[in-house]
Amino acid sequence: MRSYDHRKIEAKWQEKWEKEKLYEVKDEVAGRKNRYVLVEYPYPSGNLHIGHWYAFSVPDIYARAKRMQGENVLFPMGFDSFGLPAENAAIKNKVDPREWTEENIKTMTKQLKSMGNSFDWSRRLAASDPDYYKWTQWLFLKFLDAGLAYRGKAAVNWDPVDQTVLANEQVLPDGTGERSGAKVERRYLEQWFIRITDYADRLVDDLEVLEWPEQIKESQRNWIGRKSGAEIDFKVTGTSEKIKVFTTRPDTLFGATYMVLAPEHELAEKLKNSISNWSKVTKYIKEAELKSDIDRTALDKEKTGVLLEGVSAINPANESEIPVYIADYVLAHYGTGAIMAVPAHDERDHEFAVKFGIEEVEVVEGGNIPYTGEGILKNSGEFNGMDNEDAKIKITERVGGALTNNYKLRDWLVSRQRYWGAPIPVVYDPNGNPHPIPEEHLPWLLPQDISFDVKGKSPLSTSKEFVERTESIFGQGWTPEMDTFDTFVDSSWYFLRYLDPKNESDFSDIKKQKKWMPVDMYSGGAEHTTMHVLYSRFFYKALFDLKLVTDKEPYKVRMNRGIILGTDGAKMSKSKGNVIDPDDQVKNVGADCVKMYLAFVGPYGEVGTYPWDMGGIAGIRRFLERVWGVSEKVEGTETSENVRRELNKTIKKVEEDIDEFKFNTAISQMMILVNKIEKEGPISKGDFMKFLRVLAPFAPHLTEEIWEGIGNKKSLHLDDWPIYEEKYLQSEEVKIAVQVNGKVRATISIPTDSSEEETIKVAKKDNVVSKWLGDSKVKKQIYVKNRLINFVT
RNA sequence: GCCGGAGUGGUGGAAUUGGUAUACACGCUCGACUUAAAAUCGGGUCCCUUACGGGAUGCGGGUUCGAUUCCCGCCUCCGGCACCA
């Protein structure tokens, strides 16, 4: 008897599959439906961890099964190879980020290949390849041309220790930089933005029709934060100025007894000559500007503010004159940066009003002040007695306001003062005006003669070549944009490049897109729900409007996977010493085993947290050993009836479970089958081959080896999924429950599909049942075929 | 605070969507094999009870012949948003 030597077997087949180009995918195969299965391309950190295995090897089961079921499946892999870690490594170890990245891609490719996944490696791409970022730049130019990209001054996160701007995602929740640990400050800089806010409504509304998990949709809705309300103008007394506010409660307008401007609001500066306490006001504004966002938005903070003495506004509802304050509880970037304050019906306004002794006018009948609920209006002139919902529209109309929506979503800041990213393809004329770089100069290459020894500036600004290149093309005094793109720009369209990775004249041929898009199944990490998934949905919609892609939404199904924890149930981390190295596991038990273990821990489509369980992986290994054992006893045998029934059941169940990404229950059913084969008699070679086909997506190496061992020449993975036979699914007899008044009292065996009468006859004969029924009269009986009979007395 | 998801054995998790709760696996335990251990194989394993029975799917109600599943009210955990007007 040969032994299951996974090392030899896995190496052998991986080599063979690669040599025979088994998984290279054509854009079209007659009679086969195309299916695009996508997993998030990894950052080449240099080492594969368990999370990568969970992310890539489990969806491979799906890709393989669909391929065997007659579909033409695209399952590509690439690298998200621009980004901060390469640059940090470069600074720390004095290595070229390019070399560091390429080295990592090499090792990770090797590791990825050890999974034995059915990736089509011929379509591999890397975001840092000039062939790729040429098109990232090209797409940005299209956005620029369409008015979707603009340069604007914005508050950005400034790390005072590292002397650099940080991305929002590089700022920890406590307001410190992730690298330096320094408290992040606010700075105002000219940056490039993309108008994702133009698409806010479509990004919310189009979620409706997507068949995505509610959790993912809800997170996106919360992030976009759409709220309906009204914009209303308040006149500033004695001037031609107006203060525009956004409110979700125009129905409470009669209760607006003061106004508040954000410290950044431009009106104060305009009116400074009429503000008698201007020095006090400027002092407050300066203090507010120095505070971080975290400090300013701390919930437990007491309200502060300053009255603009000599300035007042007119409430358009009742023409009363009301004071105007500046306070940092009003945020510049939300709404209009100014509010009408209704202390009787808003908790924050109430708190402020109490502190500053401002009048409160109750205009909605309800409970205690502040009352924020619904109700009937009072103290509101002609609107008294009106339902507050109706009043929202009516009052807005009367004061000439406009019903609008407001969003939390802000435009996407894509500039990074970093080296290792795609250069933003823009140059500036001697007057400092930006100009797009003409297409023929793409890719606008990342310069190489740079130094990281700069404080507060992009490393690109140290390149002599970069400036010379710009001047030689555009003329004396012209300068290049020194910032690079956020890496989320790269990853917003990579799934389109897989379709046409070598095209030199187009980012992705639309004819090829038509064959594959939208992505049928996209699986990835939950942390990307409001970043990458939102950005790429926006990108795709913008490209749709530019007629560069074929659909409105890029992903038909999005699925977030869970997290694999250490054996101690804590998140794996070097400091805790609980990191499981997948390479070690593969060496010990094999790639098939690791993959199946990960598929078995729980339903893949639900975001669970699963501790790594050494016993659990041993259990899977035992199962694979048993399959190997059974395979040696299939020559010249006939399948027993019980085994045949279980086999057909297994084919059906595994097929259905794979469609729902419930690999755990599919594996469970295969275990039941193997247990049955071992206990209840033999299986024929032909039937065993059916089982091998079902197991093939889960354990591709083992099954291929057995397949070959029992005399097959062609690869198992090119074979078809077996067809189960309905007639073998049912047994002649079926066990059903007999209940008396809803409680199970006995189990009886009756012929399958027995009639109600027959079932009752047999059931009543049962000793226990008749004991429970006694003399009482059966009022009613509920009969569920092949399942139960319930006597109600 | 608002919104979403989820609570089932010692553990990961099943349950044909209203029909025999706890499949499968881990762990534990008893036994076989062994000088012994590992590996392997076989039995047991929700709780109470000697048994007959009874009770359990976060808690409390309801609908139903029958509820893990549907409805109402709580509790806890996870996730998103949050001085967002």
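All values derive from a computational prediction rather than experimental measurement. Protein chains get the first letters and strands the later ones, always in sequence-line order, with residue 1 at the start of each.
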When the ring planes of His532(A) and Phe488(A) are compared, do they come out parallel, tilted or perpendicular, using 30° and 60° as the limits? parallel
Classify the ring geometry between Tyr604(A) and Tyr54(A) as parallel (under 30°), tilted (30 to 60°) or perpendicular (over 60°). perpendicular
Residue met sooner reading RNA chain B from 5', once Gly337(A) and Gln669(A) are mapped to nucleotides: Gln669(A)
Can you measure from OG (Ser631(A)) to CZ (Arg626(A)) and round to the nearest 0.5 angstrom? 14.0 Å
Comparing Asp328(A) and Ile667(A) on RNA chain B - which has the more 5′ nearest nucleotide: Ile667(A)
Trp223(A) has a side chain; which of C3(B), C24(B), C81(B) sits nearest to it? C81(B)
Phe600(A) has its side chain closest, among G43(B), G12(B), C26(B), to G12(B)
Rounded to whole Å, please give me the gap between CD1 in Ile224(A) and C1' in G4(B). 15 Å
G54(B), OP1 or OP2 - any side-chain N/O from Arg745(A) closer than 4.0 Å? yes
Tell me: CG of Asn741(A) to P of A67(B), nearest whole Å? 12 Å
If the P atom of C52(B) is compared with that of U68(B), how far apart are they to the nearest Å? 24 Å
NA contact type, Tyr610(A), heavy-atom cut-off 4.0 Å: base, sugar-phosphate, or nothing? sugar-phosphate
Is the shortest side-chain N/O distance from Lys217(A) to OP1 or OP2 of G79(B) below 4.0 Å? no
Could you check whether the rings of Phe356(A) and Phe352(A) sit parallel, tilted or perpendicular, using 30° and 60° as the cut-offs? parallel
Between P of G13(B) and CG of Leu565(A), the distance in whole Å: 10 Å
I'd like to know whether the aromatic ring centres of Tyr728(A) and Tyr724(A) sit less than 6.0 Å apart in this structure. no
According to the Watson-Crick and G-U wobble definitions, with both distances under 3.5 Å, which nucleotide is paired to A39(B)? none
Classify Arg221(A) by what it touches in the nucleic acid, base, sugar-phosphate, or nothing, heavy-atom distance under 4.0 Å. nothing
Base paired to G60(B) (Watson-Crick or G-U; both N/O distances under 3.5 angstrom): C72(B)
Please determine, for C65(B), whether a Watson-Crick or G-U wobble partner exists with both distances under 3.5 Å, and give it or none. G19(B)
With a 4.0 Å cut-off on heavy atoms, is Asn675(A) in touch with a base, just the backbone sugar-phosphate, or nothing at all? sugar-phosphate
Rounded to the Å, how far apart are Lys408(A) NZ and A82(B) C1'? 6 Å
Rounded to the nearest angstrom, tell me the gap between atom CG in Asp613(A) and atom C1' in C24(B). 14 Å
Once you apply a heavy-atom cut-off of 4.0 Å, does Gly619(A) come out as touching a base, just sugar-phosphate, or nothing? sugar-phosphate
Could you check how far CZ of Arg622(A) sits from P of C24(B), rounded to whole Å? 15 Å
If I take atom NZ in residue Lys777(A) and atom P in nucleotide C65(B), what distance separates them, rounded to the nearest angstrom? 18 Å
Checking understanding here: a glycosidic angle within 90° of 0 is syn, the rest anti, so what is G58(B)? anti
Given side chains that start at C-beta, do those of Gln730(A) and Arg645(A) come closer than 4.5 Å, heavy atoms only? no
In Watson-Crick or G-U wobble terms, with both distances under 3.5 Å, the base opposite U34(B) is none
So what does Glu214(A) hit on the nucleic acid, given a heavy-atom distance under 4.0 Å: a base, only sugar-phosphate, or nothing? sugar-phosphate
Have a look at Arg226(A) and say if it touches a base, only the backbone sugar-phosphate, or nothing, with a 4.0 Å heavy-atom cut-off. nothing
Out of G80(B), G12(B), C83(B), which has the shortest distance to the side chain of Lys303(A)? C83(B)
Out of curiosity, Met572(A) CE to Leu565(A) CG, how far, rounded to the nearest 0.5 Å? 7.5 Å
Of the nucleotides G12(B), C24(B), G4(B), which has the atom closest to the Glu218(A) side chain? G4(B)
Could you give the distance separating U16(B) and U76(B) at their P atoms, to the nearest angstrom? 30 Å
Watson-Crick or G-U wobble partner for C77(B), using a 3.5 Å limit on both distances? G5(B)
Quantified in whole Å, what is the C1' atom distance between nucleotide A23(B) and nucleotide A15(B)? 8 Å
Length of the line joining His333(A):NE2 and A82(B):C1', which is rounded to integer Å: 12 Å
Mind checking if Lys735(A) touches a base, just sugar-phosphate, or nothing, with heavy atoms under 4.0 Å? base
Report the base-pairing partner of A51(B) (Watson-Crick or G-U wobble, both distances below 3.5 angstrom), or none. none
Need one value for Val330(A): base, sugar-phosphate or nothing, where a base atom within 4.0 Å counts as base even if backbone is also close, heavy atoms only. base
Summarise protein proximity over nucleotides 14-19 of chain B in one line of letters, 5' to 3': B for base, S for sugar-phosphate only, - for none, counting protein heavy atoms closer than 4.0 Å. SSB--B
How about Asn578(A) and Thr567(A): does a side-chain donor come under 3.5 Å of a side-chain acceptor? no
Do the side-chain N and O atoms of Tyr597(A) and Asp613(A) include a donor-acceptor pair separated by under 3.5 angstrom? no
Decide whether a cation-pi geometry holds between Arg537(A) and Trp212(A); the criteria are a distance under 6.0 Å from NZ or CZ to the six-membered ring centre and an angle within 45° of the ring axis. yes
Tell me which nucleotide, if any, is Watson-Crick or G-U wobble paired with G27(B) when both distances must be under 3.5 Å. U45(B)
